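In this text, all values refer to a predicted model and were calculated from it rather than measured experimentally.
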4 protein chains.
Amino acid sequence: MRSENKPTGQKRSFIEEARRAQIIAAAIETIAGVGYPNASLARIAREAGVSKGVISYHFAGKDELMDQLVTGVYTEIAESVIPEILAQDNAADMLRAHVRGVAAYALEHRSRMAALAQIFIHARRPDGSPRYGVGESEPLFESLEGLYREGQKSGEFRDFDVRAMAVTQQSATDGMFEYWRVHPDHDLMAHAAELGEQLVRATRAD
Amino acid sequence: MRSENKPTGQKRSFIEEARRAQIIAAAIETIAGVGYPNASLARIAREAGVSKGVISYHFAGKDELMDQLVTGVYTEIAESVIPEILAQDNAADMLRAHVRGVAAYALEHRSRMAALAQIFIHARRPDGSPRYGVGESEPLFESLEGLYREGQKSGEFRDFDVRAMAVTQQSATDGMFEYWRVHPDHDLMAHAAELGEQLVRATRAD
Amino acid sequence: MRSENKPTGQKRSFIEEARRAQIIAAAIETIAGVGYPNASLARIAREAGVSKGVISYHFAGKDELMDQLVTGVYTEIAESVIPEILAQDNAADMLRAHVRGVAAYALEHRSRMAALAQIFIHARRPDGSPRYGVGESEPLFESLEGLYREGQKSGEFRDFDVRAMAVTQQSATDGMFEYWRVHPDHDLMAHAAELGEQLVRATRAD
Amino acid sequence: MRSENKPTGQKRSFIEEARRAQIIAAAIETIAGVGYPNASLARIAREAGVSKGVISYHFAGKDELMDQLVTGVYTEIAESVIPEILAQDNAADMLRAHVRGVAAYALEHRSRMAALAQIFIHARRPDGSPRYGVGESEPLFESLEGLYREGQKSGEFRDFDVRAMAVTQQSATDGMFEYWRVHPDHDLMAHAAELGEQLVRATRAD
DNA sequence: AATGAATGAGCATTCATTCAT
DNA sequence: CATGAATGAATGCTCATTCAT
């Protein structure tokens with residue numbers, strides 16, 4: 001079905017998209033709820049209230065479903081956070097905006113964030129290697145490193161190892177979300193502000 | 001066979017302990033080598049050179065095997081790192097010693113550390129929740145927080161949220177190991193020194 | 001929609017027949033191209049450029065589609081070969097004409113012949129027995145046997161078991177096509193001439 | 001399990017072999033009975049009176065099971081037929097011995113022969129190509145061709161195309177078995193004698 | 001007359017666990 | 001103590017068929 005004819009009308013395309021969206025939503029809830037390893041297609045289908053076959057009908061396989069989910073959430077996060085970062089006029093504030101922005105998104109879309117984390121950690125290729133693993137984080141690292149270098153060039157930041165800092169920021173952000181997942185009453189935005197402050201202090205010139 | 005009862009003599013207990021240690025060692029190598037999801041009991045048994053049944057005989061199940069493994073490695077790390085920390089005479093150096101000590105341990109016991117990380121990430125309870133997640137890190141957080149509070153009391157550290165800092169330190173350390181696992185040529189000790197510097201700057205009083 | 005009833009008019013019947021022919025043609029190309037086991041209704045529908053439902057609409061099921069396909073091609077072969085046979089004036093030449101005629105048809109209609117062979121080999125009844133196996137070849141055997149008996153009556157052929165000979169001729173012909181299917185550069189008409197010679201020698205009086 | 005330690009005793013190895021033999025026997029009966037496409041592992045396990053998992057335990061997969069089955073039966077046939085052929089002192093009698101020998105084996109081991117035929121026809125590689133298909137018949141063809149050439153060199157046989165004749169003999173033999181499968185009361189040995197006669201006449205010098 | 005959507009049974013395979021010996 | 005054998009539930013996936021529109 002995937003790659004086929006939507007000859008004339010929009011209704012079909014609409015139904016199709018609605019179902020895909022519904023299935024992705026069910027996948028997000030299921031993964032966030034029971035973890036990726038337990039989120040079988042059968043369970044996702046049950047959550048969506050449809051039969052197992054429906055998923056296979058709308059997606060080429062579990063992998064495509066995950067790809068769509070990841071891409072969708074990723075895009076959404078970027079659209080939400082990037083404008084906030086660009087609105088800042090110095091590197092330190094950009095750092096804070098980055099952390100705060102992602103946290104704000106997570107606060108609004110808790111399951112999406114949890115599912116994304118689960119998929120990143122658990123999804124594997126057939127050969128056993130991670131599907132969205134550290135290898136895939138490279139672009140993220142590089143974008144953070146770009147930000148750091150700007151700050152270093154302008155003299156706002158001290159002269160630190162950008163890769164180590166990127167790993168720290170990325171890990172600390174993920175850790176913050178994981179902590180929040182386990183302690184849902186934790187004040188995420190306060191934590192994000194703290195983390196922003198930590199990063200600013202860790203990076204700023206003497 | 002549960003870990004406490006040694007029904008009749010001590011000889012059994014000795015053999016028993018040797019077998020358990022051998023199986024745990026095999027589990028560490030297997031998990032570090034092929035990742036937790038691919039480390040089936042069959043594979044661990046093959047690595048140990050024993051039959052699958054042996055594992056079930058000596059451990060109540062995969063879960064208990066993992067518990068023993070985690071506890072053992074954890075204890076070992078603590079025994080290796082704590083003396084180094086206590087040898088310092090100010091909070092900042094203790095922070096640095098903490099990060100450096102764990103990294104040094106990891107450098108010497110790469111598989112143990114890799115296996116630990118894999119288990120933390122992947123092991124689940126039957127209901128799908130993480131077995132050794134952030135929830136189980138509470139003692140670790142508290143020990144870090146104790147260190148921070150000492151520094152704050154002495155005026156060496158600024159007045160930050162200790163829980164957020166503990167989460168950051170813990171996550172950043174884990175992230176450092178994960179990055180090193182994926183990039184084995186990465187200079188772990190240099191990264192640890194950088195991380196130590198980051199933490200010192202993030203915590204110190206103005 | 002069963003093959004006989006044309007509910008109201010003839011125009012429908014015309015469209016109906018055109019669709020059926022189109023689907024059968026697509027089935028032939030698909031089966032010849034990817035083999036019966038891979039020729040799912042979905043794939044046939046794609047080849048035909050119609051939706052899967054259309055096939056179910058025009059045919060009671062995959063089985064009826066195959067029946068129609070087989071009957072159609074069979075009829076076509078008979079119409080092509082029988083006149084050639086009847087044009088001969090002795091039994092040996094008829095034998096040769098039979099083999100040569102079928103080969104000539106196959107050369108001109110390669111996909112039809114390949115599809116037919118695939119269906120004969122692979123199509124099964126729900127209970128697992130072949131749908132178009134040797135059991136269905138009875139009319140074919142009987143027609144060959146008639147030819148043999150003519151030759152025996154006229155003294156041209158020796159006194160052999162006609163059923164065994166019919167099985168041999170039928171199998172050897174099928175085998176020739178299968179070999180040609182796998183080795184498309186094989187000289188089919190030369191092979192057919194050889195087979196004709198073999199049969200003539202196997203049947204003729206001393 | 002497959003490739004492992006049978007440290008000291010023979011009992012284990014014996015049990016192991018017995019189970020493998022039992023499963024292969026069940027596979028033969030199942031395939032002969034319901035055809036390869038319907039012979040799922042579940043059905044074979046049911047026929048053997050064991051659980052599905054047993055098959056996976058003793059064989060790496062369906063493919064290895066089929067390989068073992070094919071190799072075993074093939075070897076058995078060769079061991080039964082080759083001595084008979086070598087006992088002949090002229091090419092014509094060798095031809096007759098070949099056909100008669102295979103038929104005699106089939107008469108004694110009906111299901112084995114039927115299963116073998118089914119597997120040859122139906123078993124596919126993951127990519128859809130035949131696993132034991134015409135490509136695999138090459139050795140058989142060549143062995144027959146060797147026999148023909150001997151006869152041609154000695155002047156006993158006429159100068160025919162050996163490949164076409166090999167295809168004919170192979171197909172006619174298979175066809176004979178298929179006919180016998182469908183008509184179990186058919187006199188197989190008489191048919192084999194007839195086929196031998198046909199081949200001798202088709203091949204002998206004028 | 002035709003469609004896309006949905007179904008559910010069936011497939012081979014993996015794996016932690018149990019058990020008689 | 002240790003084993004190999006066996007189990008059965010679960011997984012992702014395919015596909016002929018059904019059906020409302």
Side-chain angles (χ1 to χ4, degrees), chain A residues 1 4-9 11-13 15-16 18-19 37-45 50-63 65 126, chain B residues 1 11-12 15-16 19 37-45 50-63 65 126, chain C residues 1 7 12 15-16 19 37-45 50-63 65 126, chain D residues 1 4-9 11-13 15-16 18-19 37-45 50-63 65 126:
Chain A
M1 223 15 45
E4 241 186 296
N5 56 342
K6 10 188 146 164
T8 47
K11 219 172 210 162
R12 303 201 194 283
S13 180
I15 290 177
E16 161 80 6
R19 259 283 182 267
N38 291 6
S40 68
L41 290 191
R43 206 150 175 177
I44 293 171
V50 299
S51 89
K52 245 185 339 172
V54 176
I55 299 181
S56 297
Y57 178 73
H58 289 284
F59 297 90
K62 198 179 190 182
D63 291 348
L65 172 54
Chain B
M1 274 319 94
K11 222 172 213 161
R12 293 190 198 279
I15 292 178
E16 163 82 7
R19 262 280 184 266
N38 293 344
S40 65
L41 288 191
R43 209 151 175 176
I44 293 170
V50 300
S51 88
K52 247 186 325 178
V54 176
I55 299 181
S56 300
Y57 181 74
H58 288 284
F59 297 91
K62 200 180 191 183
D63 292 347
L65 170 56
Chain C
M1 277 314 99
R12 292 190 198 279
I15 292 177
E16 162 82 6
R19 262 279 184 267
N38 293 344
S40 67
L41 288 191
R43 208 150 176 177
I44 293 170
V50 299
S51 87
K52 244 186 328 177
V54 175
I55 299 181
S56 299
Y57 181 74
H58 287 285
F59 297 91
K62 200 180 191 183
D63 293 346
L65 171 55
Chain D
M1 225 12 48
E4 240 184 296
N5 56 342
K6 10 188 145 165
T8 49
K11 220 172 210 164
R12 306 204 193 281
S13 180
I15 290 178
E16 162 80 5
R19 259 282 183 268
N38 291 5
S40 67
L41 289 190
R43 207 151 176 177
I44 293 171
V50 299
S51 87
K52 243 185 341 171
V54 176
I55 299 181
S56 298
Y57 178 73
H58 289 283
F59 297 90
K62 197 180 190 182
D63 291 350
L65 172 55

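Atom P of nucleotide E:dC11 and atom CG of D:Asp63 are separated by 16 Å, given to the nearest angstrom. F:dT11 atom P lies 15 Å from atom CG of A:Leu65, rounded to whole Å. Straight-line distance from the CZ atom of C:Arg43 to the C1' atom of F:dA16: 16 Å, rounded to whole Å. Look at CD1 on C:Ile44: it is 12 Å from C1' on F:dC15, rounded to the nearest Å. Taking atom CD1 of B:Ile55 as the reference point, atom C1' of F:dC1 lies 15 Å away to the nearest angstrom.
Mapped onto DNA chain F by nearest heavy atom, D:Ser51 and A:Ser40 fall at different nucleotides, with D:Ser51 at the one closer to the 5' end. Closest-nucleotide positions on DNA chain E for D:Leu41 and B:Ser56 were compared, and the one nearer the 5' end corresponds to D:Leu41. Each of A:Gly53 and D:Val50 lies near DNA chain F, and the nucleotide nearest D:Val50 is the one positioned closer to the 5' end. Heavy-atom distances to DNA chain E give each of A:Val54 and B:Pro37 a nearest nucleotide, and the one nearer the 5′ end belongs to A:Val54.
Under the Watson-Crick or G-U wobble criterion, with both distances below 3.5 Å, E:dA16 is paired with F:dT7. Across every strand in view, F:dC13 sits in a pair with E:dG10 that passes the Watson-Crick or G-U test at under 3.5 angstrom. The pairing partner recorded for E:dT21 is F:dA2, the criterion being a Watson-Crick or G-U wobble arrangement whose two distances lie under 3.5 angstrom.
In this structure, A:Ile44 and A:Lys52 have side chains that are not in contact, with every pair of non-hydrogen atoms separated by 4.5 Å or more. By the 4.5 Å heavy-atom criterion applied to side chains, D:Arg19 and D:Val50 are counted as neighbours.
At a cut-off of 3.5 angstrom, counting only N and O atoms as typed in the model, there is no donor on one side facing an acceptor on the other between the side-chain of D:Lys52 and the base of E:dG10. On a pure distance criterion of 3.5 Å, no polar donor-acceptor pair joins the side chain of D:Lys62 and the base of E:dT13.
Shortest non-hydrogen contact noted between B:Arg43 and B:Asn38 is CD-O, 3.5 Å. Between D:Leu65 and D:Ile55, the closest heavy-atom pair is CD2-CG2, 4.2 Å.
Considering only side-chain N and O atoms, A:Tyr57 lies under 4.0 angstrom from the phosphate OP1 or OP2 of E:dA5. Distances shorter than 4.0 Å separate some side-chain N or O of B:His58 from OP1 or OP2 on F:dA2. In terms of phosphate contacts, C:Arg19 brings no side-chain nitrogen or oxygen within less than 4.0 Å of OP1 or OP2 of E:dA1.
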